[in-house]
Amino acid sequence: MSVANAARTPPEAWDAIVVQVLKENQVKLITYVPDKVLAPLIKRLHADDYFTVICPAREEEAVGIVTGAYMAGLRGIVLMQTSGFATLPNVLASLAVPCQIPLLMMISERGALGDFQLGQAIVCRTMRPVLATLGIEHYAITRTEDVEFIVDRMIKQAFATQAPAAIILSPLLTNTKKK
Amino acid sequence: MSANEMKSASRDTAKVMNRSDLTRRLVAKLNQEEAVIGGIGNTHFDLWASGQRPQNFYMLGSMGLAAPIAFGVAMAQPERQVFALEGDGSLLMQLGALGTIAAANQKNLAIIVFDNGVYQITGSQPTLTSYGTDLVAVAKGTGLAQSTWAADEAHFEQLVDRALKEDGPWFIATRTDDKPPAGVTERDAAKIRGRFMQGLGVTK
């Protein structure tokens with residue numbers, strides 16, 4: 001393949017990169033409450049035998065499951081949308097933070113940048129203040145070229161520092177219609 | 001064993017027992033480093049008072065999450081039997097978790113519920129079980145086929161024996177009294193987590 005052809009190869013999708021980084025960090029347990037933006041990632045995870053995928057009834061439950069799994073030696077992550085995160089302050093403040101659980105969260109940011117759902121738009125405003133108040137490391141990914149670095153480093157830092165981490169997927173990354 | 005299997009009780013006919021006594025009966029049977037997750041409040045206070053096994057986790061907050069935490073432990077270590085201890089008020093907060101565990105058909109997991117019909121620790125306000133919610137019927141409805149009321153202490157012990165020997169998931173419901181817990185857990189969340197992980201043989 002010539003250099004010119006290689007340059008024209010479309011970049012790997014964000015969701016494919018996330019799958020690869022989760023594997024490289026031995027994050028095998030996936031828990032999620034569905035979200036349209038996360039759907040392509042969820043589909044890839046279900047299709048891959050490396051992962052155990054659980055879809056509980058509520059995000060709180062997912063945090064409990066991933067916490068138990070971590071304490072017993074299995075790494076996991078919780079996938080959710082912004083409104084799902086809004087149900088979590090109690091469990092974060094009374095379990096994940098005081099027990100020093102490296103709880104990985106991946107949150108698709110709904111309600112911002114043109115989202116027409118009023119409920120999403122209002123609840124979205126609570127996410128960063130809650131994360132900041134609880135002292136939880138968080139970072140929003142806006143560009144495909146940053147996905148590997150940010151996801152990999154946030155996972156490694158969560159386990160190294162024994163602390164929860166919230167990886168936020170910005171519409172700038174996930175809204176393909178803008179392109 | 002067949003006679004025991006036939007034994008059944010309803011919430012109305014089940015003997016009202018004591019949470020601390022039942023917890024001690026459970027713990028006395030654990031000789032394979034089984035994990036026990038004690039739910040918020042009096043449930044984990046009695047677990048603490050039954051002897052601080054390294055394989056015990058005392059859930060200080062996060063009401064309703066003892067079963068999901070136990071489920072996570074059970075998935076991570078399928079060779080280890082795992083018990084979740086919950087109160088009726090706690091379980092009512094997170095009924096969806098029963099469906100999640102039923103769907104996963106987690107074989108090494110047993111949920112034990114102490115149903116005293118009240119939020120005892122906050123002043124004994126009645127829970128929904130006092131108005132007719134039957135937690136065994138709920139558990140069966142979510143798909144947990146092996147769900148039973150314990151008729152009395154001997155039946156409770158038989159059900160625990162079965163959970164230790166045979167594939168779960170198990171759901172064992174008990175009626176309990178209004179006696180205070182037998183002790184109070186030390187409130188050091190990080191220490192509790194660290195000791196539990198050591199007890200499960202997990203190194204960072």
Side-chain angles (χ1 to χ4, degrees), chain A residues 25-34 46 51-78 84 87-104 134-135 155-164, chain B residues 33 35 37 39-40 54-80 82 84 86 90 93-104 106 108-109 142 187-204:
Chain A
N25 286 280
Q26 297 84 49
V27 179
K28 294 184 84 151
L29 175 63
I30 310 295
T31 61
Y32 73 90
V33 177
H46 268 294
F51 300 103
T52 299
V53 184
I54 302 286
C55 178
R58 285 178 69 81
E59 292 81 359
E60 267 189 311
E61 209 192 314
V63 170
I65 294 167
V66 169
T67 296
Y70 165 72
M71 293 193 292
L74 173 66
R75 290 183 171 193
I77 188 167
V78 183
T87 69
L88 294 184
N90 181 57
V91 66
L92 295 174
S94 66
L95 180 69
V97 173
C99 286
Q100 300 173 359
I101 303 295
L103 174 75
L104 303 177
L134 294 174
I155 292 174
K156 286 186 165 64
Q157 188 175 36
F159 286 101
T161 61
Q162 203 75 42
Chain B
E33 300 192 348
I37 312 300
I40 192 170
Q55 293 81 27
N56 290 353
F57 181 73
Y58 313 96
M59 200 182 72
L60 301 181
S62 61
M63 186 165 172
L65 290 187
I69 291 171
F71 175 42
V73 172
M75 268 195 291
Q77 297 197 0
E79 302 304 314
R80 188 188 301 275
V82 183
E86 273 292 31
S90 289
M93 233 183 215
Q94 204 71 242
L95 291 177
L98 299 179
T100 308
I101 289 162
Q106 193 65 39
N108 56 329
L109 180 59
T142 67
R187 314 286 177 96
D188 186 336
K191 187 173 160 189
I192 288 169
R193 192 262 305 153
R195 197 171 39 190
F196 182 61
M197 290 179 74
Q198 269 189 337
L200 298 189
V202 175
T203 48
K204 249 185 95 177

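Below, chains carry the letters A, B, ... as their sequence lines are ordered, and counting in each starts from 1.
Chain A forms the most heavy-atom pairs under 4.5 Å with one residue out of B:A35, B:A76, B:A74, B:A67, and that residue is B:A76. For the options B:G61, B:P68, B:G96, heavy-atom pairs under 4.5 Å to chain A are most numerous at B:P68. Contact count versus chain B (heavy atoms, under 4.5 Å) is highest, among A:G64, A:A57, A:P56, for A:G64.
Listed by first and then second residue, the salt bridge (charged side-chain N to carboxylate O under 4.0 Å, His left out) pairs involving residues 60-69 of chain A are A:R58-A:E60 (not counting sequence neighbours).
Taking 4.5 Å as the limit, every side-chain heavy atom of A:T67 sits out of range of all side-chain heavy atoms of B:L65. At least one side-chain heavy atom of A:I65 sits under 4.5 Å from a side-chain heavy atom of B:T100.
In this structure, chain B has no heavy atom under 4.5 Å from any part of A:L92. Using a 4.5 Å cut-off between heavy atoms, A:T52 touches chain B through its side chain atoms alone.
In this structure, the side chain of B:Q77 engages the main chain of A:A72 through a donor-acceptor pair within 3.5 Å. With A:S94 contributing its side chain and B:S62 its backbone, the two residues share a donor-acceptor pair below 3.5 Å.
Atoms CG and SG, from B:D188 and A:C99 in turn, are 9.5 Å apart once rounded to the nearest 0.5 Å.
Among all heavy-atom pairs drawn from A:P98 and B:A189, the shortest one is O-CB, 3.4 Å. The shortest non-hydrogen separation linking A:G73 to B:V202 is N-CG2, 3.6 Å. Between B:R193 and A:I101, the shortest heavy-atom distance links the atoms CG-CD1, 3.8 Å. Of all heavy-atom pairs spanning A:N90 and B:M63, the tightest one is ND2-N, 4.4 Å.
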Would you list the atom pairs, donor with acceptor, under 3.5 Å between side chains in residues 194-201 of chain B and any protein atom, with sequence neighbours excluded?
none

